Trainee: 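This is the structure I have questions about; it appears just below.
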Amino acid sequence: TGFKLNPPDRQRLEDMGAVMLERLEDISVCTHLVSQRLLRTEKMLCGLCKVPNIVTPEWLEDSIRQKHFLETQQYQLIDRKAEASHGFTLAEARARVEKKGPVFKG
């Protein structure tokens, strides 16, 4: 969300097996959401409830360089300013989704 891929990088990711989802209705099958910062967009808010990995663009860039998808641990999005502004942390929100499953199922 808030992040655009250039066509060559998009093709490289698709060659590695990535499927880019364009419609918000497909968020339930999304495994990764890429963003430079925490945004209050519909896609980001839905992603917080459903998507197990919210990562920085560096994850994509490094994965493309390595020609395979890297582990996401060191690429998890952290946006201290926005988190403080909204009164929560992304790490805690992700931990809740991981422990309890998606907020909304289906």
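Fair warning: this is a prediction, and the values are worked out from it, not measured in the lab.
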Trainee: What distance separates Leu21 CG from Thr31 OG1, expressed to the nearest 0.5 Å?
Mentor: 8.0 Å

Trainee: With rounding to the nearest 0.5 Å, note down the distance linking OG in Ser35 to CZ in Arg37.
Mentor: 7.5 Å

Trainee: Once you round to the nearest 0.5 Å, how far does CG of Leu48 lie from NE2 of His86?
Mentor: 10.0 Å

Trainee: May I ask you to say whether Arg23 pairs ionically with Glu42, meaning some side-chain N is under 4.0 Å from a carboxylate O?
Mentor: no

Trainee: For Leu38 and Lys81, run side-chain contact (heavy atoms from CB on, under 4.5 Å): C-alpha distance rounded to whole Å, both residues' side-chain angles, the deciding distance at 0.1 Å, then the answer.
Mentor: CA-CA 9 Å; Leu38 181 62; Lys81 183 177 178 184; over 6 Å; no

Trainee: Sequence neighbours left out, what passes side chain to side chain donor-acceptor pair (under 3.5 Å) with Glu25? Give chain and number order.
Mentor: none

Trainee: Look up atom CD in Gln66 and atom CD in Glu61, then write down how far apart they are to the nearest 0.5 Å.
Mentor: 13.0 Å

Trainee: Do Val34 and Ile78 land in one hydrophobic cluster if side-chain heavy atoms of ILVMFWY residues count as linked below 4.5 Å?
Mentor: no

Trainee: Side chains of His68 and Ser63: closer than 4.5 Å at any heavy-atom pair?
Mentor: no

Trainee: How many angstroms lie between CG in Leu13 and CE in Met20, if you round to the nearest 0.5 Å?
Mentor: 4.5 Å

Trainee: Return the CE to CD1 distance between Met44 and Ile54, rounded to the nearest 0.5 Å.
Mentor: 5.5 Å

Trainee: Begin from the C-alpha positions of Leu60 and Glu58 and carry the test side-chain contact (heavy atoms from CB on, under 4.5 Å) through to its verdict.
Mentor: CA-CA 5 Å; Leu60 286 179; Glu58 288 77 22; over 6 Å; no

Trainee: Using the side-chain contact (heavy atoms from CB on, under 4.5 Å) rule, take Val51 and Ile27 through it: C-alpha gap first, then chi angles, then the decisive distance, then the call.
Mentor: CA-CA 7 Å; Val51 179; Ile27 197 94; 3.9 Å; yes

Trainee: I would like to know whether Trp59 and Ile64 meet side-chain contact (heavy atoms from CB on, under 4.5 Å); could you show each step before the answer?
Mentor: CA-CA 8 Å; Trp59 176 74; Ile64 289 168; over 6 Å; no

Trainee: Give every donor-acceptor pair under 3.5 Å between a side-chain atom in residues 69-77 and any protein atom, sequence neighbours left out.
Mentor:
from	atom 1	to	atom 2	distance (Å)
Thr72	OG1	Asn53	OD1	3.0
Thr72	OG1	Gln76	NE2	3.1
Tyr75	OH	Asp62	OD2	2.7
Gln76	OE1	Arg94	NE	2.4
Gln76	OE1	Arg94	NH2	3.3
Gln76	NE2	Thr72	O	3.4

Trainee: Side chain of Gln11, backbone of Pro7: donor and acceptor closer than 3.5 Å?
Mentor: no

Trainee: Testing the basics here: between Pro52 and Cys30, what is the closest heavy-atom pair and its distance to 0.1 Å?
Mentor: CD-O, 3.8 Å

Trainee: Salt bridge check: are Asp15 and Arg12 linked by an N-O gap of less than 4.0 Å?
Mentor: no

